[in-house]
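Since the structure comes first, as structure tokens, the remarks are kept for the end.
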Amino acid sequence: MKKIKILSLILAVIFIFSTISLVSCDSSTSSTNNSSNNNSNDYTPTQAPTEQPTEAPPHTEHEGAGTCSVCGINYLDTLISYIKSTGEEKNNTTALYYTAKNGDKYTIRAKEDYTALEITNGHDEYSGYWAGLWIDQAGVKYGEYSWDCHYYWDGYIKGLFFASASSSSYASVEYQSSTFSSESKTAKAQSNASLYLRLMISDVLLPLLEDCGHNLTPSDFGFERFE
């Protein structure tokens with residue numbers, strides 16, 4: 001009988017400790033879950049900083065010969081389009097008129113079937129010597145322009161006009177051929193050609209570029225020394 005009581009006491013002790021252990025495990029699990037839930041509620045995701053777009057600087061200077069490598073415009077085509085949209089049209093030719101500082105009149109023509117401009121002194125009223133300058137795509141690209149100078153219908157002289165070496169006080173030209181009957185007339189034509197060509201750039205092309213806009217400058221046409 002005494003052994004039975006001792007055994008019962010041992011079993012009771014074992015049961016009590018088992019119960020306490022189970023309660024302890026449940027409490028630990030509950031505490032862990034609550035901690036996890038609390039951490040989850042407190043978590044705020046970090047957002048990556050948003051980069052603000054950087055505005056490109058205004059395009060004020062073209063780069064490239066003939067066509068700008070930055071904005072892609074063709075210098076001569078832009079100028080021709082401006083003349084055709086603002087000039088006076090007659091016989092498939094559109095013209096603008098400018099007056100040089102010395103009072104000489106100049107005409108700029110854009111013909112429908114040419115991708116070039118022609119600058120001449122005079123408004124189709126020629127008296128004595130008159131000259132013409134061709135501005136075409138090849139000239140813009142290489143800075144070499146064809147020109148000629150006439151004296152009534154007695155003869156003419158023609159050559160090349162080199163843009164980079166010319167300025168408002170000096171025209172760098174090459175005389176290629178002449179049909180004048182005397183050296184004096186040839187020399188006179190050369191002198192007039194030099195004057196007319198310089199005025200065609202300083203007093204005609206420069207104001208034309210300003211009127212046209214698009215940030216076009218003499219340098220875009222090779223005439224760096226006119227700026």
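Values below: all heavy atoms of this structure, side chains included; hydrogens, waters and symmetry mates excluded.
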Separation between [atom1] of [X] and [atom2] of [Y], rounded to the nearest 0.5 Å:
{"X": "His214", "Y": "Ser81", "atom1": "NE2", "atom2": "OG", "result": "8.0 Å"}
{"X": "Leu199", "Y": "Asn102", "atom1": "CG", "atom2": "CG", "result": "5.0 Å"}
{"X": "Asp220", "Y": "Cys68", "atom1": "CG", "atom2": "SG", "result": "7.5 Å"}
{"X": "Leu133", "Y": "Ile108", "atom1": "CG", "atom2": "CD1", "result": "10.0 Å"}
{"X": "Arg109", "Y": "Thr94", "atom1": "CZ", "atom2": "OG1", "result": "11.5 Å"}
{"X": "Ile135", "Y": "Glu118", "atom1": "CD1", "atom2": "CD", "result": "10.5 Å"}

Could you tell me whether the side chain of [Y] reaches within less than 4.5 Å of the side chain of [X], counting heavy atoms only?
{"X": "Glu174", "Y": "Phe162", "result": "yes"}
{"X": "Tyr75", "Y": "His62", "result": "yes"}
{"X": "Asp104", "Y": "Asn121", "result": "no"}
{"X": "Asn74", "Y": "Gln137", "result": "yes"}
{"X": "Arg198", "Y": "Ser168", "result": "no"}
{"X": "Pro218", "Y": "Leu205", "result": "no"}
{"X": "Ser194", "Y": "Gln190", "result": "no"}
{"X": "Lys185", "Y": "Tyr129", "result": "yes"}

Donor-acceptor under 3.5 Å ([X] side chain, [Y] main chain):
{"X": "Glu227", "Y": "Ser219", "value": "yes"}
{"X": "Thr93", "Y": "Glu89", "value": "no"}
{"X": "Ser191", "Y": "Ala187", "value": "no"}
{"X": "Ser164", "Y": "Gly222", "value": "no"}

message: Using the ring centroid of each side chain, check whether Tyr156 and Trp147 are separated by less than 6.0 Å.
response: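 No, they do not, as the ring centres are separated by 6.0 Å or more.
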task: Evaluate side chain to side chain contact (heavy atoms under 4.5 Å, CB included) for Leu208 paired with Tyr82, printing each intermediate quantity in order.
output: CA-CA 9 Å; Leu208 172 63; Tyr82 170 75; 3.8 Å; yes
Between [X] and [Y], what is the shortest heavy-atom contact and its length?
{"X": "Ala165", "Y": "Tyr170", "answer": "O-CD2, 3.6 Å"}
{"X": "Gly155", "Y": "Thr179", "answer": "CA-OG1, 3.3 Å"}
{"X": "His150", "Y": "Phe180", "answer": "C-CZ, 4.5 Å"}
{"X": "Ala116", "Y": "Ile80", "answer": "N-CD1, 3.7 Å"}
{"X": "Thr120", "Y": "Gly132", "answer": "CG2-CA, 3.9 Å"}
{"X": "Gly87", "Y": "Leu96", "answer": "CA-CD2, 3.4 Å"}

- prompt: When you look at CD of Glu183, are more than 12 heavy atoms from neighbouring residues, nucleotides or ligands closer to it than 6.0 Å?
  reply: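 No - once you tally the heavy atoms of other residues, nucleotides and ligands closer than 6.0 Å, there are 12 at most.
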query: Taking atom NZ of Lys84 as the centre, does the number of heavy atoms from other residues, nucleotides or ligands within less than 6.0 Å exceed 12?
result: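 Yes.
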task: May I have the step-by-step check of side chain to side chain contact (heavy atoms under 4.5 Å, CB included) for Ile201 and Leu206, ending in yes or no?
output: CA-CA 6 Å; Ile201 307 305; Leu206 266 68; 3.9 Å; yes
Mind checking whether [X] and [Y] sit in one hydrophobic cluster, side chains of I, L, V, M, F, W, Y counted as touching below 4.5 Å?
{"X": "Tyr142", "Y": "Leu76", "answer": "no"}
{"X": "Ile119", "Y": "Leu160", "answer": "no"}
{"X": "Tyr196", "Y": "Tyr152", "answer": "yes"}

- request: From the options Phe223, Phe161, Phe221, Trp134, select the one residue that forms a ring-ring contact (aromatic ring centres under 6.0 Å, His included) with Tyr145.
  value: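 Checked Phe223, Phe161, Phe221, Trp134 against Tyr145; only one passes ring-ring contact (aromatic ring centres under 6.0 Å, His included): Phe223.
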message: As a quick check of understanding, evaluate side chain to side chain contact (heavy atoms under 4.5 Å, CB included) for Ser146 and Lys158, giving each step before the final call.
response: CA-CA 8 Å; Ser146 298; Lys158 65 180 181 179; over 6 Å; no
field: Thr67/Asp77 under side chain to side chain contact (heavy atoms under 4.5 Å, CB included): CA gap, chis, key distance, verdict
entry: CA-CA 9 Å; Thr67 301; Asp77 288 347; over 6 Å; no
